Amino acid sequence: MTASKTTSTTAGKKAVPMVRAEGVHKSFGSAHILKGIDLEVAPKEVFCLIGPSGSGKSTFLRCINHLEKVNAGRLSVDGELVGYRERDGKLYELRDREVAARRRDIGMVFQRFNLFPHMTAVENIMEAPIQVKGESKAAARERATKLLDRVGLADKAANYPSQLSGGQQQRVAIARALAMEPKLMLFDEPTSALDPELVGDVLDVMKDLAADGMTMIVVTHEMGFAREVGDSLVFMDDGVVVESGHPREVLGNPQHERTKSFLSKVL
């Protein structure tokens, strides 16, 4: 099953998908987590993944940037295989340095914020551009300051994570991911660890990113966000894509009994 949004180049040809999954399988020991995932995400698309805990959503997200290695199938980002190169019809795993270089184009925001506790907000955002890209401290600080302003935290640059609320820490984490100027952003339930009153500020930042044309894959339980901002939605269960389509169609008129059962409990 494929979920995608058709985009065209000026020549009328279909654009290269930002993400393409072909028969992706992933196991941990005897546990078969992903059982043949096929889907495409177009450039500038907001692609939402929903489903019960343990359905494979987060594992799939981690496979996209090779934090987890797939056991079978292929994953590509912007036309390039993730973690592998192909030669004579066979796949060969890239060296760690090559994987890290390709991972620069993919930003990821986790459920937990994972900020460095001994660094201020602005220092957290500066770290990767300095260490990975070799940017000067002045250039990294300038971009970090602009990103803090973008996520509504210009006045928190000198604050340490312990001095920030959960929602503020998550917005710093988003700014940190954006500091590497990624072409793709992955969000793994970015609001699930937040108090309800803090969710809105994080979702507003994500809506702004979507409006700016950032390609995003979002694992979420925020059905309102999926309905309002999403271009495509996939419902996963037990490692497979059960149903896919436009968020309003899937959420408003699910076709599969398993989808209906899940949505009846969360809507």
Side-chain angles (χ1 to χ4, degrees), residues 18 44 46 58 61-62 64-67 77-78 96-220 222 225 229:
M18 181 60 72
K44 299 187 178 182
V46 179
S58 296
L61 216 61
R62 291 173 65 84
I64 292 174
N65 63 1
H66 208 58
L67 288 175
V77 173
D78 201 18
D96 289 345
R97 182 182 299 178
E98 294 172 297
V99 172
R102 293 192 181 183
R103 196 178 281 148
R104 295 178 194 176
D105 291 331
I106 306 172
M108 188 160 184
V109 179
F110 300 87
Q111 296 178 40
R112 295 293 175 179
F113 327 119
N114 299 327
L115 298 177
F116 296 117
H118 62 289
M119 292 183 180
T120 63
V122 74
E123 289 169 345
N124 264 281
I125 299 168
M126 292 168 57
E127 181 70 4
I130 291 172
Q131 298 298 329
V132 178
K133 286 188 170 182
E135 280 191 7
S136 68
K137 285 189 176 182
R141 183 175 292 276
E142 182 178 0
R143 179 183 293 118
T145 300
K146 290 179 180 177
L147 286 169
L148 279 173
D149 184 52
R150 183 175 183 180
V151 300
L153 294 173
D155 60 334
K156 303 295 184 182
N159 287 51
Y160 290 90
S162 62
Q163 299 170 316
L164 301 173
S165 70
Q168 290 170 337
Q169 289 185 63
Q170 192 62 296
R171 282 186 279 160
V172 173
I174 294 172
R176 180 179 60 180
L178 292 173
M180 292 296 287
E181 300 179 306
K183 61 179 69 172
L184 169 68
M185 285 284 285
L186 309 176
F187 292 88
D188 187 6
E189 298 187 21
T191 60
S192 65
L194 303 180
D195 293 332
E197 68 269 20
L198 302 177
V199 168
D201 289 337
V202 174
L203 293 181
D204 284 344
V205 171
M206 295 170 65
K207 290 174 186 177
D208 287 343
L209 289 177
D212 286 345
M214 174 64 74
T215 309
M216 301 162 58
I217 302 180
V218 185
V219 173
T220 185
E222 301 292 340
F225 173 87
V229 184

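Bear in mind the structure is a predicted one, so any value in this text is a computation, not a measurement.
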Side-chain touch [X]/[Y], heavy atoms, less than 4.5 angstrom:
X	Y	answer
Gln163	Thr120	no
Leu67	Arg103	yes
Glu181	Arg143	yes
Pro129	Met180	yes
Arg62	Phe110	yes
Val109	Gln170	yes
Val77	Met18	yes
Leu209	Leu178	yes

Identify the two heavy atoms, one from [X] and one from [Y], that lie closest to each other, and give their separation to 0.1 Å.
X	Y	result
Val122	Ala144	CG2-CB, 3.7 Å
Ile130	Ala140	CG1-CB, 3.7 Å
Ala175	Leu147	O-CD1, 3.4 Å
Ala210	Val229	CB-CG1, 3.6 Å
Ala177	Pro182	O-CD, 3.4 Å
Gly167	Leu194	N-CD2, 3.6 Å

Find the distance between [atom1] ([X]) and [atom2] ([Y]) and round it off to the nearest 0.5 Å.
X	Y	atom1	atom2	result
Ser192	Arg112	OG	CZ	7.5 Å
Gln169	Leu164	CD	CG	5.5 Å
Met185	Met216	CE	CE	7.0 Å
Met119	Glu127	CE	CD	3.5 Å
Leu148	Asp155	CG	CG	9.5 Å
Arg176	Ile125	CZ	CD1	9.0 Å

Problem - Asp149 side-chain N/O to Ala154 backbone N/O, donor-acceptor pair under 3.5 Å - result: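 Checked: no pair found.
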Exercise for the section: Apply the side chain to side chain contact (heavy atoms under 4.5 Å, CB included) test between Val202 and each candidate in Lys207, Arg171, Glu222; give the one that qualifies. Expected result: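 Per the side chain to side chain contact (heavy atoms under 4.5 Å, CB included) rule, the option paired with Val202 is Arg171, out of Lys207, Arg171, Glu222.
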Handout entry: Among Val46, Ile106, Asp188, Leu61, side chain to side chain contact (heavy atoms under 4.5 Å, CB included) partner for Ile217
Key =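 So the option named by the test is Leu61.
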More than 12 non-hydrogen atoms from neighbouring residues, nucleotides or ligands closer than 6.0 Å to [atom1] on [X], yes or no?
X	atom1	result
Lys137	NZ	no
Asp96	CG	no
Arg141	CZ	no

Exercise for the section: Salt-bridge test for Lys146 and Glu142: reply yes if a basic N is under 4.0 Å from a carboxylate O, no otherwise. Expected result: yes
Problem - Candidate pair Leu184 and Ile64, rule side chain to side chain contact (heavy atoms under 4.5 Å, CB included), full reasoning - result: CA-CA 10 Å; Leu184 169 68; Ile64 292 174; 4.0 Å; yes
